[in-house]
Q: 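Okay, here's the structure, questions in a sec.
Only heavy atoms go into these numbers, but all of them, side chains included; no hydrogens, no water, no symmetry mates. Numbers for residues simply follow the sequence, beginning at 1.
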Amino acid sequence: MTPLSTRSTTAAPPTGVAVLGPQATALLYLLDRAFESWGVQAGAQPMIMPPLIPVEQLAELDYYRNFPHQAVVTAPLRLNGPDAGHDPVGGGFAPQTLETARLALPSAACYGVYLHLAGQELDAPQRVTVLGRCFRREEQYEDLRRLLGFHMREIVAVGDREFTEEHLRHFTAQIENFAARLELPLRKEAATDPFYDCGGSRARLQQLAPVKYEFLYEDLAIASVNVHRNFFGERLAITLNGESVFTSCVAFGLERWLSALTRRFGGWAEATAAVEQALAQG
């Protein structure tokens with residue numbers, strides 16, 4: 001039996017569920033503490049969002065129109081009646097054995113922040129940082145590069161246009177400076193996956209002024225900066241000085257950072273040492 005202390009990080013590609021060994025876990029926590037500290041130093045309040053979101057709330061944000069391919073929902077078993085399900089068949093439960101799916105597993109950590117602020121008039125612009133367990137259905141899964149379930153650290157800004165744009169400029173510089181100290185070559189590219197409906201006026205606006213930029217190591221996006229303009233402010237009636245707020249967020253896919261760092265440096269110990277050195281230089 002392989003000792004736990006030396007067991008490698010593994011993932012089950014068919015299901016997209018990964019196990020992180022002790023070294024991988026320690027590096028993930030090291031990175032997350034660093035990214036969280038960036039937010040706190042910029043005035044972000046750490047918060048914990050619910051692990052599940054009502055389907056109805058995400059539908060109000062056009063989530064199932066824009067990202068049906070990523071959506072994952074959950075439902076309890078039927079306990080009574082002819083279709084009651086108590087034992088899985090063929091590795092799963094048939095649809096008729098389930099109650100209506102009313103809860104969703106979020107694909108991004110920031111949704112909970114905007115929903116928490118729904119209907120509020122803010123006294124001032126604010127930043128929030130959250131660590132979320134996120135879930136995305138994919139056509140295929142690959143080690144730590146592409147998972148069904150993963151960790152996402154986000155730093156969210158809610159306020160006027162200038163505040164949210166400055167938020168992204170600030171953290172873009174943070175990411176680029178950190179990557180330089182790490183000697184991790186990243187390139188910044190406009191994302192091709194639209195936040196807004198592909199056929200709407202917002203999508204055409206996005207083509208002129210992209211709402212999402214990704215930071216890629218080789219072909220893997222490990223971080224992104226995202227501006228939503230006043231979409232969430234309008235939909236959720238979040239206001240500042242009587243006007244719908246603008247929002248933006250910076251996101252870090254932590255397992256993807258692990259993948260990039262171990263490919264770049266060759267192993268867990270080497271990757272951890274490189275991160276510790278880069279953080280000490282900062």
Q: Indicate yes or no for a side-chain donor-acceptor contact from Ser37 to the backbone of Ala34 under 3.5 Å, with no hydrogens or angles considered.
A: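 Looks like yes, one N/O pair under 3.5 Å.
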Q: Between Leu117, Val113, Val250, which is the residue that forms a side-chain contact (heavy atoms from CB on, under 4.5 Å) with Val156?
A: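 That would be Val113.
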Q: Check whether Ile155 and Val40 end up in the same hydrophobic cluster, where Ile, Leu, Val, Met, Phe, Trp and Tyr are linked by side-chain heavy atoms less than 4.5 Å apart.
A: no
Q: Between the side chain of Glu154 and the main-chain N/O of Cys110, is any donor-acceptor distance below 3.5 Å?
A: yes
Q: Ignoring hydrogens and angles, tell me if any N or O in the side chain of Glu214 forms a donor-acceptor pair with the backbone of Ala221 under 3.5 Å.
A: no
Q: For Glu142, is there an ion pair with Arg145 - N to carboxylate O distance below 4.0 angstrom?
A: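 A salt bridge links Arg145 with Glu142.
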Q: Under 3.5 Å, side chain of Arg137 to main-chain N/O of Gln70, donor-acceptor pair present?
A: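 It does not hold such a pair.
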Q: Are there more than 12 heavy atoms of other residues, nucleotides or ligands under 6.0 Å from atom CZ of Arg133?
A: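 Yes, enclosed.
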Q: Please check if the number of heavy atoms outside Tyr29 that lie under 6.0 Å from its OH is greater than 12.
A: no
Q: Would you say the side chains of Ser244 and Glu234 form a donor-acceptor pair under 3.5 Å?
A: no
Q: If we count only N and O atoms by modelled type, under 3.5 Å, do the side chains of Arg127 and His167 hold a donor and an acceptor together?
A: yes
Q: Just by modelled atom types, is the Glu138 backbone N or O under 3.5 Å from a matching donor or acceptor in the Tyr141 side chain?
A: yes
Q: Is Phe231 reachable from Phe67 through a run of hydrophobic residues whose side-chain heavy atoms are each under 4.5 Å from the next?
A: yes
Q: Hey, is the main chain of Leu28 close enough, under 3.5 Å, to the side chain of Asp32 for a donor-acceptor pair?
A: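 No: the side chain of Asp32 does not pair with the backbone of Leu28.
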Q: Is there a side-chain contact between Ile222 and Leu186, using heavy atoms and a 4.5 Å cut-off?
A: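 Side-chain contact under 4.5 Å: yes.
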Q: Measure the spacing between CG of Asn230 and CZ of Arg161 and express it to the nearest 0.5 Å.
A: 7.5 Å
Q: Look only at the side chain of Arg153 and the backbone of Gly253, and say whether a donor-acceptor pair between them is shorter than 3.5 Å.
A: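 Side chain of Arg153 to backbone of Gly253: no pair is present.
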Q: Quick check against the 3.5 Å criterion: does Thr97 have a side-chain atom that pairs as donor or acceptor with the backbone of Ala94?
A: yes
Q: Check whether any side-chain heavy atom of Met47 sits under 4.5 Å from a side-chain heavy atom of Thr129, and report yes or no.
A: no
Q: How are the rings of Phe35 and Phe252 set relative to one another: parallel (under 30°), tilted (30 to 60°) or perpendicular (over 60°)?
A: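 The arrangement is parallel - the two ring planes meet at less than 30°.
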Q: With a cut-off of 6.0 Å (strictly less than), are more than 12 heavy atoms of other residues, nucleotides or ligands near CD of Glu189?
A: yes
Q: Find out whether Tyr64 and Leu58 are in side-chain contact, i.e. whether some heavy atom of one side chain is under 4.5 Å from a heavy atom of the other.
A: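 Yes, at least one pair of side-chain atoms sits under 4.5 Å.
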Q: What residues, two or more places apart in sequence or in another chain, satisfy side-chain hydrogen bond (donor to acceptor under 3.5 Å, both in side chains) together with Glu218?
A: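 Result, side-chain hydrogen bond (donor to acceptor under 3.5 Å, both in side chains) vs Glu218: Arg263.
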Q: Show, in sequence, the C-alpha distance, side-chain angles and deciding distance for Arg169 and Glu166, and conclude whether the salt bridge (charged side-chain N to carboxylate O under 4.0 Å, His left out) test is met.
A: CA-CA 5 Å; Arg169 288 192 293 270; Glu166 173 56 31; 3.1 Å; yes
Q: Can you list every salt bridge (Lys or Arg N to Asp or Glu O under 4.0 Å) pair that touches residues 89-118, not counting sequence neighbours?
A: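 For residues 89-118, and leaving out neighbouring residues, the salt bridge (Lys or Arg N to Asp or Glu O under 4.0 Å) pairs sorted by first residue read Arg78-Glu99.
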Q: Any side-chain to backbone donor/acceptor pair from Ser248 onto Val227? Under 3.5 Å, distance only.
A: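 Not a single qualifying donor-acceptor pair exists.
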Q: Examine distances only and state if a side-chain atom of Asp160 and a backbone atom of Phe163 form a donor-acceptor pair shorter than 3.5 Å.
A: yes
Q: Which label fits Tyr111 and Phe232: parallel for a plane angle under 30°, tilted from 30 to 60°, or perpendicular past 60°?
A: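 Perpendicular: the ring planes of Tyr111 and Phe232 meet at over 60°.
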Q: When you group the ILVMFWY residues by side-chain heavy-atom contacts below 4.5 Å and let the links chain together, are Phe246 and Leu61 in the same group?
A: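 No: no chain of side-chain contacts under 4.5 Å links Leu61 to Phe246.
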Q: So, Thr172 versus Tyr213: side-chain donor-acceptor pair below 3.5 Å or not?
A: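 The answer is no; no qualifying pair exists.
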Q: Run through the side-chain heavy atoms of Ile, Leu, Val, Met, Phe, Trp and Tyr, join any pair under 4.5 Å, and report what else lands in Phe93's cluster.
A: Leu77, Leu79, Leu98
Q: Taking Leu220 as the starting point, is it possible to reach Leu254 by hopping between hydrophobic residues whose side chains are less than 4.5 Å apart?
A: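 Yes; tracing contacts between hydrophobic side chains, which count when under 4.5 Å, links both residues.
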Q: Taking the side chain as every heavy atom from C-beta outward, state whether Leu261 and Leu182 have any atom pair closer than 4.5 Å.
A: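 Yes. Closest side-chain heavy atoms under 4.5 Å.
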Q: Passes ring-ring contact (aromatic ring centres under 6.0 Å, His included), Trp257 versus Tyr217? Steps please.
A: CA-CA 9 Å; Trp257 275 83; Tyr217 174 71; 9.5 Å; no
